[in-house]
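This report refers to the structure that appears directly beneath it.
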Amino acid sequence: MTAFFRPSEYHRPNNLSEAAQLLSNFGKKAKLIAGGTDLLVTKPPEVECLIDVANLDLNYIRKDDDGIKIGAATTVDVIESSEILSSGPYVVLSEAAGVMATPAVRNMATIGGNICNASPAADLSLALMVLDSTAKVAGQGESRILPISDIFEDVNKTTLKEDELLVEIHIPLVTRTTGASFIKLRHHQTSVDIAIVNVAARLTCSKDHCEDVRIALGAVAKKPVYAKKAEKFLIGKRLDAELIQESAEAAAGESKPIDDVRASAGYRKKMVPILVKRALEDCVRRCGTWQK
Amino acid sequence: MAKINLNISVNGRRYQLAVEPYETLLDVLRNRLGLTGTKMGCGSGECGACTVNINGWAILSCLTLAVQTDGKEIQTIEGLQKRPDELHPLQEAFVKHAAVQCGYCTPGMIMASKAILDHNPNPSEDAVRKGLSGNLCRCTGYDRQVKAVLEAARTIRKAQHE
Ligand SMILES: Cc1cc2nc3c(=O)[nH]c(=O)nc-3n(C[C@H](O)[C@H](O)[C@H](O)COP(=O)(O)OP(=O)(O)OC[C@H]3O[C@@H](n4cnc5c(N)ncnc54)[C@H](O)[C@@H]3O)c2cc1C
């Protein structure tokens with residue numbers, strides 16, 4: 001066996017059961033391919049069989065009484081410009097899509113690939129986490145539904161079984177006064193830089209009280225994580241500058257960043273409270289301007 | 001598994017090929033079809049030198065497998081000119097503004113520009129800068145290209161009104 005990326009098989013199944021069958025037949029030697037913008041950069045040499053999701057009809061964004069449903073093969077540019085995601089707290093997802101990678105990469109990259117690549121810095125994953133999204137996963141048996149954050153196991157590793165693929169993301173409808181925000185810190189030298197730290201937050205308020213809150217942190221742990229202590233600080237309390245500052249500092253305490261080419265662990269840890277504070281302030285502002 | 005049959009249209013011409021699953025669109029364009037205008041830069045999606053258009057959208061041919069483009073319409077820099085002796089308004093404007101020095105990034109830059117103008121015939125300067133943000137140039141800078149794209153947009157709009 002050579003150490004090059006030399007898959008000898010390529011399949012483009014026409015339905016989910018065919019896809020699950022192929023995944024199960026080829027086991028560890030198989031890899032799903034969507035936009036290929038992660039897979040063809042890493043080019044894993046052990047892959048012998050590529051299974052393309054292009055013909056599975058997973059390219060859609062729909063909204064009904066039940067919520068917003070996004071097919072796993074929907075591209076990032078479609079999410080960025082989606083009318084459905086252009087207002088309310090859902091903008092957190094289109095905003096994350098808008099600052100991800102370059103225009104050409106966005107035309108290729110899919111939301112399913114962003115999630116299933118399981119990068120700790122994945123932009124869309126964070127936005128989905130604060131919207132309490134769930135993922136529908138299908139394999140040879142019954143399909144199952146799990147919270148987005150339960151897909152992540154470790155760096156570039158998901159909890160999906162060998163025969164499973166991500167099919168759809170479901171975002172529940174938000175009916176109360178809610179604001180959400182996404183902030184990405186990067187070098188800005190070129191638009192390809194992935195995050196040094198990224199933060200998403202979602203705040204549901206009644207008058208000036210916090211009813212519910214979600215804060216998700218990226219690039220500071222082995223997977224995207226919720227800042228649970230920081231969230232606890234806010235729930236049920238009256239929102240003011242001091243409380244937001246305390247919550248932001250709690251989030252820093254929950255982050256466990258590492259040094260890498262993009263930044264040092266120390267710098268990342270210093271940036272967490274600043275970004276969380278800004279994201280929460282954004283949420284508060286947006287709570288005020290958006291009703292139902 | 002044997003090679004995989006591929007039917008694609010490149011610059012309006014139909015091709016039927018048998019390709020390996022791992023061959024990129026860039027490999028096929030350059031090595032099989034002899035269309036060497038499209039360049040290999042970083043090979044990892046960061047520089048934009050390999051940009052071509054598929055069904056009117058800019059994509060990176062180094063990160064696209066040829067097998068993924070079955071049934072699609074591909075346009076490369078070689079397909080811009082209607083006649084050999086007549087440059088496309090984008091090419092014209094790039095020459096006029098000296099938006100080309102070494103020229104290595106130019107085919108990708110022009111194809112990204114083409115996609116911008118195909119979707120928005122009257123882009124703002126900001127829209128052009130954002131649209132070209134995935135195309136790196138290490139010698140010319142970026143100002144001249146932006147001016148060239150804005151001028152090409154005016155030329156194309158004028159031609160359409162006439
Ligand atoms: C230049 C460049 C810049 C980038 N910048 C950013 C950035 O700023 N932010 C960011 O978050 N990412 C960035 N990325 C990473 C990448 O573009 C995204 O993660 C993208 O969303 C991946 O989607 P894809 O469809 O291309 O995935 P692919 O490469 O096709 O697949 C990625 C992984 O997911 C698996 N997979 C795909 N679809 C499914 C499915 N339906 N079910 C189960 N598994 C599946 C594949 O098997 C593979 O392991 C960048 C990449 C490049 C090349």
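It should be emphasised that the depicted structure is a prediction, and the values quoted were computed from it without experimental measurement. Letters A, B, ... mirror the listed sequences (proteins, then strands); counts begin at 1.
Remark: A:Ile274 pairs with A:Met271, A:Arg278 by the side-chain contact (heavy atoms from CB on, under 4.5 Å) rule, at least two apart or across chains.
A salt bridge links B:Arg129 and B:Glu125; the closest N-O separation between the charged side-chain nitrogens and carboxylate oxygens is under 4.0 Å. Ion pairing of A:Arg286 with A:Glu95 is present here, as a side-chain N (NZ or NE/NH1/NH2) and a carboxylate O approach within less than 4.0 Å. By the 4.0 Å N-to-carboxylate-O rule, A:Asp38 lies too far from A:Lys31 to be salt-bridged with it.
Only the backbone of A:Ala34 comes within contact range of chain B, judged by heavy atoms closer than 4.5 Å.
Interface residues of residues 59-93 of chain B toward chain A, defined by a heavy-atom distance below 4.5 Å and sorted by number: B:Ile59, B:Leu60, B:Leu63, B:Thr64, B:Leu65, B:Val67, B:Gln68, B:Asp70.
Of the listed residues (A:Thr37, A:Asn107, A:Leu39), the one with the most heavy-atom contacts under 4.5 Å to chain B is A:Asn107. Per-residue heavy-atom pair counts under 4.5 Å with chain A were compared for B:Gly43, B:Cys42, B:Ala115, B:Ala58, and the maximum is reached by B:Ala58.
No side-chain donor from either of A:Ser119 and A:Asn117 sits under 3.5 Å from a side-chain acceptor of the other. Using a 3.5 Å distance cut-off with no hydrogens or angles, the side chains of B:Ser124 and B:Asp126 do not pair a donor with an acceptor.
Not a single donor-acceptor pair under 3.5 Å links the side chain of A:Arg186 to the backbone N or O of A:Ile194.
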